[in-house]
2 protein chains.
Amino acid sequence: MSEKSKSNLLRDQLAARASAPSKAAQTRSAILDAGRDFLDTNPFRNLTVGTLMAVTGYSRSAFYQHFNDLHGLMEALLDQVKDGIVQGAQPWFVGEGDPVATLQESLTALVDVGYEHGSILRAVSDAAPSDDRLEYVWQAFLGSFDEIVAARIQEDQERGLTPEFDPMPVAHALNRMDAGVLIQAFGTGKTTSKEDVLSGIMRVWLSTLYPFDAASAIQQKQE
Amino acid sequence: MSEKSKSNLLRDQLAARASAPSKAAQTRSAILDAGRDFLDTNPFRNLTVGTLMAVTGYSRSAFYQHFNDLHGLMEALLDQVKDGIVQGAQPWFVGEGDPVATLQESLTALVDVGYEHGSILRAVSDAAPSDDRLEYVWQAFLGSFDEIVAARIQEDQERGLTPEFDPMPVAHALNRMDAGVLIQAFGTGKTTSKEDVLSGIMRVWLSTLYPFDAASAIQQKQE
DNA sequence: ACCTTTAGTGACAGTATGTCAGAAAAGTCA
DNA sequence: TGACTTTTCTGACATACTGTCACTAAAGGT
């Protein structure tokens with residue numbers, strides 16, 4: 001019996017230490033995992049609560065103890081990748097160091113994380129239009145970048161690095177471009193090469209925001 | 001009887017001239033109209049065959065004589081606006097006259113047509129991810145612009161008007177930007193002003209494709 | 001006016017959703 | 001450990017919408 005109680009003790013300690021993966025959390029994770037696996041190889045439109053839960057071994061109705069519906073699941077999956085995306089874009093956002101170099105860094109990181117989490121981003125973007133709430137969350141997520149990018153543009157305009165123009169519409173346009181390109185490229189399979197994606201958006205960002213540097217780079221190429 | 005046969009004759013001639021609005025076509029049109037009306041004020045996710053047909057006065061099952069499903073309807077609605085969009089973009093596509101001026105024309109026209117048909121474009125883009133076929137059609141539609149834009153870019157590069165870069169990824173990026181911006185701006189309500197939309201995408205297109213002209217324009221502004 | 005062809009209807013089966021009362025398992029404490 | 005409370009899970013149900021099919025009604029031709 002000492003063995004049993006020892007192992008119980010151990011389990012409890014571990015549970016407490018890891019902030020109690022309280023069965024509920026475990027199941028929730030299992031569902032999230034199954035969701036990610038499914039969306040890695042299938043479009044969102046083919047996901048049903050039934051097939052999803054069949055994979056986990058739980059009953060269909062167990063799903064509703066952890067999520068309101070499939071869109072709630074998508075929201076949770078989005079939360080898992082949000083930070084990664086925001087993190088990668090920091091170099092240029094913070095505004096220190098060479099603007100062109102940091103922008104290149106940030107865009108490269110963005111493409112990497114897009115490549116990594118393409119299927120989830122694609123799935124969220126696919127699922128969003130069929131649900132009020134998820135649509136709002138998704139738009140808010142994309143919109144949050146608009147603010148940051150517009151602010152950074154304005155700074156660079158004040159520093160004379162970037163031509164004068166209304167920052168918000170341009171920020172918005174550039175961000176929509178990123179989203180559209182990334183989701184299409186890496187959403188289903190890995191159809192397009194990272195290089196093509198990066199070269200496309202990099203060119204546009206650089207020539208829009210730093211045309212003077214870009215121009216000199218171009219002049220060199222033309223000779 | 002002479003009157004009757006005369007009026008019959010007249011009707012038949014008119015019918016023949018207008019290519020026979022053969023009842024079927026009439027009903028089809030009525031459904032399409034009802035669809036457009038609905039989507040002008042509601043998102044696609046709230047459209048059901050039942051509510052749609054209630055408006056037309058026909059039974060729900062009549063719908064299926066004219067369309068396979070709601071996605072079929074969307075495909076038909078897209079066809080109605082396709083031409084308008086392609087038409088508006090012609091000035092720059094054909095490649096005659098001042099590139100900057102014609103690009104400005106084309107983008108202005110694009111924004112206009114986006115403003116006009118925003119709700120349909122939004123609806124199609126919303127509906128696409130939930131249907132294999134519509135998704136394909138929509139992607140093909142967007143993709144068709146990639147080809148044309150890439151070709152035009154290549155011409156301008158050969159003429160020395162546009163810096164050297166791989167045209168396809170950039171064309172793709174610019175087009176996704178347009179689609180994303182237009183649909184968001186005019187898809188639901190007319191939330192954003194035409195001016196903002198146009199200024200945003202115009203700035204990006206011009207500085208990417210014609211940085212030399214853009215640079216001089218900017219220099220002027222800075223003085 | 002008659003007959004053929006085309007359009008429209010109501011009833012039906014199918015599929016997925018979300019809820020709820022009750023069963024089962026996990027957690028708690030003497 | 002055993003009795004308890006609380007949390008998690010299950011099967012059965014009601015609901016909503018879809019797409020089809022045999023049948024009726026209307027349109028179109030002669």
Side-chain angles (χ1 to χ4, degrees), chain A residues 1-16 18-32 34 38 42-74 127 130-134, chain B residues 1 4-5 7-16 18-32 34 38 42 44-74 127 130-134:
Chain A
M1 293 298 178
S2 73
E3 273 196 24
K4 230 182 185 172
S5 57
K6 212 163 73 181
S7 81
N8 275 346
L9 187 62
L10 186 61
R11 177 174 53 68
D12 291 344
Q13 281 178 343
L14 283 171
S19 71
S22 58
K23 194 63 217 309
Q26 265 178 270
T27 312
R28 201 184 134 96
S29 282
I31 299 174
L32 286 164
F38 182 92
N42 305 88
F44 175 77
R45 62 169 162 276
N46 291 344
L47 180 63
T48 73
V49 178
T51 57
L52 177 69
M53 296 307 286
V55 174
T56 68
Y58 293 104
S59 75
R60 195 177 66 80
S61 42
F63 173 85
Y64 294 97
Q65 236 116 30
H66 303 281
F67 304 97
N68 286 329
D69 52 26
L70 287 175
H71 297 95
L73 175 72
M74 297 316 301
S130 58
D131 182 76
D132 272 314
R133 184 178 159 77
L134 185 62
Chain B
M1 290 294 180
K4 231 182 185 173
S5 57
S7 80
N8 276 345
L9 186 62
L10 185 62
R11 178 173 53 68
D12 290 343
Q13 282 176 341
L14 282 171
S19 71
S22 58
K23 196 65 217 307
Q26 266 178 268
T27 312
R28 203 184 133 96
S29 283
I31 299 174
L32 286 165
F38 182 93
N42 306 88
F44 174 78
R45 62 171 163 274
N46 291 344
L47 181 62
T48 72
V49 178
T51 57
L52 177 69
M53 295 307 286
V55 174
T56 68
Y58 294 103
S59 76
R60 196 177 66 80
S61 43
F63 174 84
Y64 295 96
Q65 238 120 28
H66 303 281
F67 304 97
N68 285 329
D69 51 26
L70 287 175
H71 296 95
L73 175 71
M74 297 316 300
S130 56
D131 182 75
D132 272 313
R133 185 178 158 77
L134 186 62

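The figures here come from the full heavy-atom set of this structure, side chains too, leaving out hydrogens, waters and symmetry mates. Below, read A as the first sequence line, B as the second, and so on, with proteins coming before strands; counting in each chain starts at 1.
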Rounded distance in Å - [atom1] ([X]) to [atom2] ([N]):
X        : N       : atom1 : atom2 : value
Tyr58(A) : dA25(C) : OH    : P     : 12 Å
Phe67(B) : dG8(C)  : CZ    : P     : 12 Å
Met53(B) : dC17(D) : CE    : P     : 16 Å
His71(B) : dT18(D) : NE2   : C1'   : 12 Å
His66(B) : dT6(C)  : NE2   : C1'   : 10 Å

All N/O donor-acceptor pairs, side-chain side in residues 59-68 of chain A, below 3.5 Å, sequence neighbours left out:
{"unit_1": "Ser59(A)", "atom_1": "OG", "unit_2": "Ser61(A)", "atom_2": "OG", "d": "3.4"}
{"unit_1": "Ser59(A)", "atom_1": "OG", "unit_2": "Ala62(A)", "atom_2": "N", "d": "3.4"}

Closest non-hydrogen atom pair between [X] and [Y], with its separation:
X         : Y         : result
Ala34(A)  : Val55(A)  : CB-CG1, 4.2 Å
Ala127(B) : Leu134(B) : CB-CD2, 3.6 Å
Leu47(A)  : Leu70(A)  : O-CD1, 3.4 Å

Exercise for the section: Apply salt bridge (Lys or Arg N to Asp or Glu O under 4.0 Å) to Arg45(B) and list each qualifying residue two or more places apart in sequence or on a separate chain. Expected result: Asp132(A), Glu135(A)
Problem - Gln26(B) vs Gln65(B), nearer the 5' end of DNA chain D by closest nucleotide - result: Gln65(B)
Problem - Polar side-chain contact Ser61(B)-dG8(C) base: donor and acceptor under 3.5 Å - result: no
Could you write out each protein N or O paired with an N or O of nucleotides 13-18 of chain C at a distance under 3.5 Å?
{"unit_1": "dT17(C)", "atom_1": "OP1", "unit_2": "Val49(A)", "atom_2": "N", "d": "3.3"}
{"unit_1": "dG18(C)", "atom_1": "OP2", "unit_2": "Tyr64(A)", "atom_2": "OH", "d": "3.0"}
{"unit_1": "dG18(C)", "atom_1": "N7", "unit_2": "Arg60(A)", "atom_2": "NH1", "d": "3.3"}
{"unit_1": "dG18(C)", "atom_1": "N7", "unit_2": "Arg60(A)", "atom_2": "NH2", "d": "3.2"}
{"unit_1": "dG18(C)", "atom_1": "O6", "unit_2": "Arg60(A)", "atom_2": "NH2", "d": "2.5"}

Practice task
Measure the OG1-CG distance between Thr56(A) and Leu32(A) for me, rounded to the nearest 0.5 Å.
Solution key: 11.0 Å
